[in-house]
Every structure is written in structure tokens, then in C-alpha cells.
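The next block holds one structure in the form of C-alpha cells; read it before the comments.
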Amino acid sequence: MKARTTLLAVGEVLAWWAALVVLWLMLISTVYTLEWVVGSCAAGVGALVARAGRRAAVRSR
């Protein structure tokens with residue numbers, strides 16, 4: 001059961017990360033390597049915060 005929970009958590013973070021990267025790509029005009037790195041890292045942080053916020057909201061019910 002622990003492996004399934006971990007897999008779902010990783011899937012959720014990856015889904016948030018992908019959505020945030022796509023949004024970021026739509027908002028910029030030219031993509032350079034450094035912008036990819038910074039954007040991907042920022043999306044990763046945002047994905048972790050989104051998961052934490054969702055978990056906090058579910059626990060408070």
C-alpha cells in the first residue's frame with residue numbers, strides 16, 4: 001500500500017510540474033537553456049507547494 005501512495009504522490013507532483021511548465025512556456029517568447037533550467041526548477045517548487053496545499057486542504061475537512 002505504501003508503494004501505491006508514493007506512486008500517486010509522484011504522479012501528482014509530475015502532473016503539477018508539467019502543467020506549470022506548459023503555462024510558463026506559453027507566457028515567454030524565446031527559450032534559452034538557462035530559462036529552461038530556471039523555469040523547470042520554479043515549476044518543481046510550485047508543484048511541491050501545490051501538493052502540500054492540496055493535502056492541507058484535504059486534512060482540514
Side-chain angles (χ1 to χ4, degrees):
M1 192 66 161
K2 175 82 170 148
R4 182 175 186 267
T5 304
T6 302
L7 188 59
L8 287 173
V10 169
E12 181 182 357
V13 170
L14 284 175
W16 274 110
W17 178 83
L20 291 171
V21 166
V22 167
L23 177 65
W24 172 74
L25 284 172
M26 290 187 327
L27 295 175
I28 63 171
S29 58
T30 307
V31 181
Y32 296 106
T33 304
L34 181 59
E35 289 177 339
W36 265 109
V37 172
V38 172
S40 295
C41 291
V45 170
L48 292 173
V49 170
R51 173 159 165 73
R54 191 194 60 78
R55 285 179 48 98
V58 169
R59 286 186 181 185
S60 68
R61 289 185 193 177

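In this text the structure is predicted, and so the values were computed from the model without any measurement.
- For the side-chain hydrogen bond (donor to acceptor under 3.5 Å, both in side chains) condition, no pair includes a residue of residues 38-48, sequence neighbours left out.
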List, one per line, each side-chain donor-acceptor pair under 3.5 Å for residues 41-53, sequence neighbours excluded.
| from | atom 1 | to | atom 2 | distance (Å) |
| --- | --- | --- | --- | --- |
| Arg51 | NH1 | Glu12 | OE1 | 2.7 |

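- Val10 shares a hydrophobic cluster with Leu14; the chain of contacts runs through ILVMFWY side chains whose heavy atoms sit under 4.5 Å apart.
- By the side chain to side chain donor-acceptor pair (under 3.5 Å) test, Glu35 is found to be paired with no residue, residues two or more places apart in sequence or in another chain being considered.
- Residues satisfying the side-chain contact (heavy atoms from CB on, under 4.5 Å) test with Leu23, not counting sequence neighbours, are Met26, Leu27.
- Residue pairs meeting the salt bridge (Lys or Arg N to Asp or Glu O under 4.0 Å) criterion with at least one member in residues 2-11: none, sequence neighbours excluded.
- Its side chain within the 4.5 Å cluster rule, Ile28 clusters with Trp17, Val21, Trp24, Leu25, Val31, Trp36 among the Ile, Leu, Val, Met, Phe, Trp and Tyr residues.
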